[in-house]
Amino acid sequence: MRVWDDSKVTMFDVETSGAKPEYALQPWRILSGDAWVTSFVSMEWVDGKAIYTGGVTHDDNLPVDEGRILCRRFMKDMLTMALDEGRTLVGWHVAFDAAVCIAYGFEKLVMQAKFLDGLLLWKHFDMEPEYEMAAHKKRPYGLKDFVTEYLPAHAGYEEEIDFHDSSPEARAKLHAYNEKDNRFTRIGARHWFKQLGPRQLKAALIEAESIPMVALANLRGLPIDTLVAHELSCKLANDAKRQAEALAEFGVTEKVVRSPVQLAKLMYEDWGLPVLKENKSKITGNTTRSTDKEVLHELAFIDPRAKQLRDYREALNNRTKFAEALVKSIAYNEDERTHPQARIFGTYTSRLTYSSGQKAKGAGKREGTVKGVNLPIGFALHQMKNDKLFRAQVIVPPGYGLLEFDASGQEYRWMAIASGDETMLSLCEPGEDPHSYMGARLGHVDYRELVRLKETDPEMQRLRKGGKFGNLSCQYRIGDKTLMVRARVQHNIPMEINEAKTTNFIYKRTYPGVPKYWDRQINETKQLGYVETFAGRRVQVVGDWGGRMAWSMGSTAINYKIQGTGGDQKYLAMAVIKDYLVSVGGYFIWDLHDGLYSFVPVQKMQQAAIDTKRLLDNLPYKKAWGFVPPIPMPWDAKMGFSWGDLKEVKF
DNA sequence: GAGTAGAGCGCC
DNA sequence: AAAGGGCGCTCTACTC
């Protein structure tokens, strides 16, 4: 659909409830009968007039099964008609509704159907990063927010709706409300659809193809090896305990370590350590003495207790966030799965983000829901430590294997293209190794010699590691000091400030096209007021280029084209592999920015790796974006049976 | 008790 | 003068 055509769309929306009110937002509870649809409405428009094409309210007098049969009938009609007539199903935050349809038994139809999302279109039109710290609250893009802003006469139409009251009157009201949702969804989706330029629209439509995949992934969830999780939890508890015992005599307790204020007092007043760094609040202007990782790293040279503090805090943090959270979510969900919920267009660069919890809000007065409580449905998947011990917790469902594809050197390659730097471009050709090249430049050795010895010679390995660090860190105007700290603290690479200076200097001399790209990109963005990815997706950059936010705005100009294109590339990849995955009985399960993970039946894994690789290495960039990358864009594959134990697939 | 600010930190 | 970017989660401190 390139222009909005009422004869090619169907609006729909589902309302849900459950054994507890908050279960309404947990579609996997539908499978166990603990959540259900209370109202389903689909509508079409002919000559501008709304036609109610299907709908049902949940009648609590009927047994749950019979209610479901009724609802299923309408859902099935809607889905099959949409497929037969080539209609797109339009909703607001529609991955949720799609997940409900899958839970009601229509996985096959949902995976074939086309979806569109009003929220998604609005974001594509409107997205701009927040530069003012004081205004860091994100703009909401809910349907209610759209109505309040653009249809103020109808603002507040959702008030007094009770999603969980099963009386006939309340259900009738709910159903009428659902119908309004459909009407407003059409107005909103149509409005934003028409506002978008052709390339923006195309990018949005490609992104929208991920909706059923994300719906299915959110619904299915991930199996966890609870034994591994338990062992990890114990190990981290022991690590913490060891440090706690060693530090106890110096006044360290868990409470102190977890509190920056108390820890600062202990270290700087009681122990008399020097204050190496201060934090200044951008809002209040208050300064506090930093106790962060970098400071502890530096202090460890004069007092070994600083290292112990760091280890102690790290063990405590990691245990809560990456071990206990998984176990807790498994227990809470009651389906032996953890359900990190992916949000499409979670960031303005179009990455998916994952949330670990569901906020129980509203309906606080109703039994069973405490307002403000965070329900532990998943974990912060996109932040999971890159460590075998942690990742091994995530396993596969019986009969499946895990297949990972990641876009090889994604940001390096897009930077090569964006900057047009000859050296970078040539290093993206088959057989070259950019990190060895940079390592050779930094270490004053011969590039080919380094490549030849990089597997065997420890010194060459060290140089290549430094080259990789330089390539990845210097791409976006990093400062010498930050570069040094980052090398030392995060990568354990010893580095003094002079060496950091040299690294930055050599980077710019190696790739002279990159600093030129920075300038060009900033100037272009000043002119246009927005930045565009290679796919045509845009983000607005408006503000005072002479003011204090100018640096941030410039960084967005530089950064967005690269990261945003990475996001577009991932969505294109998802769209292309969707049908193939279905055909082998597999499904997309999560993403990690430049990596796509799928569950595939064991006996199909090998073949799926080969076929998927072929699809991904030949993505239809020209057709999708009207742009052909001048260099190869290869994908690497790994497979295995747990996230912590994936083996490279050789082709 | 609820809500927010801030620090710190995990990933790519 | 100096400044990689993008996020979400967890904890404490503080305010009302």
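Just the heavy atoms: all of them, side chains too, but no hydrogens, waters or symmetry mates, feed the values below. A note on names: the letters A, B, ... follow the listed sequences, proteins ahead of strands, and every chain is numbered from 1.
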Does [X] place a side-chain N or O at less than 4.0 Å from the phosphate oxygens OP1/OP2 of [N]?
X      : N      : result
A:K293 : B:dG10 : yes
A:S290 : B:dA7  : no
A:Q490 : B:dG10 : no
A:N386 : B:dC12 : yes
A:N279 : B:dG8  : yes
A:T291 : B:dG8  : yes
A:S259 : C:dA13 : yes

Under 3.5 Å side-chain donor-acceptor pair for A:E22 and A:Q358: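 No - no donor-acceptor pair under 3.5 Å links their side chains.
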
Do A:S233 and A:E324 have side-chain atoms, one donor and one acceptor, less than 3.5 Å apart?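 There is such a pair (donor and acceptor under 3.5 Å, judged by atom type) between the side chains of A:S233 and A:E324.
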
Select one nucleotide: of [options], the one nearest the side-chain heavy atoms of [X].
X      : options               : value
A:T288 : B:dG8, B:dA7, B:dC12  : B:dA7
A:H593 : B:dC12, C:dG8, B:dG8  : B:dC12
A:T353 : C:dG8, C:dA3, B:dG8   : C:dG8
A:H382 : C:dG8, C:dA3, B:dC12  : C:dG8
A:D292 : C:dT12, C:dG8, B:dC9  : B:dC9
A:S356 : B:dC12, C:dC9, C:dA3  : C:dC9
A:R391 : B:dG8, B:dC12, B:dG10 : B:dC12
A:K385 : C:dG5, C:dG8, B:dG10  : B:dG10
A:W551 : C:dC11, C:dA3, B:dC9  : C:dA3
A:L592 : B:dG8, C:dA3, B:dC12  : B:dC12

Once you apply a heavy-atom cut-off of 4.0 Å, does [X] come out as touching a base, just sugar-phosphate, or nothing?
X      : answer
A:K321 : base
A:R486 : base
A:Q475 : nothing
A:S473 : nothing
A:Q410 : nothing

Please identify which of these residues, A:R258, A:K385, A:R319, meets the salt bridge (Lys or Arg N to Asp or Glu O under 4.0 Å) condition with A:E314.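 Result: among A:R258, A:K385, A:R319, A:K385 is the only option passing the salt bridge (Lys or Arg N to Asp or Glu O under 4.0 Å) with A:E314.
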
Round to a whole Å and report the spacing from [atom1] of [X] to [atom2] of [N].
X      : N      : atom1 : atom2 : result
A:N317 : B:dG10 : CG    : C1'   : 9 Å
A:Y511 : C:dG4  : OH    : P     : 20 Å
A:F322 : C:dG8  : CZ    : P     : 14 Å
A:F379 : C:dG8  : CZ    : P     : 16 Å
A:L352 : C:dG6  : CG    : P     : 18 Å
A:M553 : C:dA2  : CE    : C1'   : 18 Å
A:R477 : C:dG5  : CZ    : P     : 8 Å
A:R258 : C:dT12 : CZ    : C1'   : 11 Å

I want to know whether A:W551 and A:W545 have ring centres closer than 6.0 Å.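 Judged by ring-centre distance (under 6.0 Å), A:W551 and A:W545 do not meet the cut-off.
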
Verify whether the ring centers belonging to A:F405 and A:W635 lie closer than 6.0 Å.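 No, the ring centres sit 6.0 Å or more apart.
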
With no angle test and no hydrogens, is the base of C:dG6 tied to the side chain of A:Q563 by a donor-acceptor pair under 3.5 Å?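 Counting by modelled atom types and ignoring angles, no donor-acceptor contact under 3.5 Å is found here.
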
Output yes when a side-chain donor or acceptor of A:R310 lies under 3.5 Å from a complementary backbone atom of A:D292, and no otherwise.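 Looks like no, no N/O pair under 3.5 Å.
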
Has A:N471 got a side-chain atom pairing as donor or acceptor with A:P434's backbone, closer than 3.5 angstrom?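 Here the side-chain-to-backbone pair exists.
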
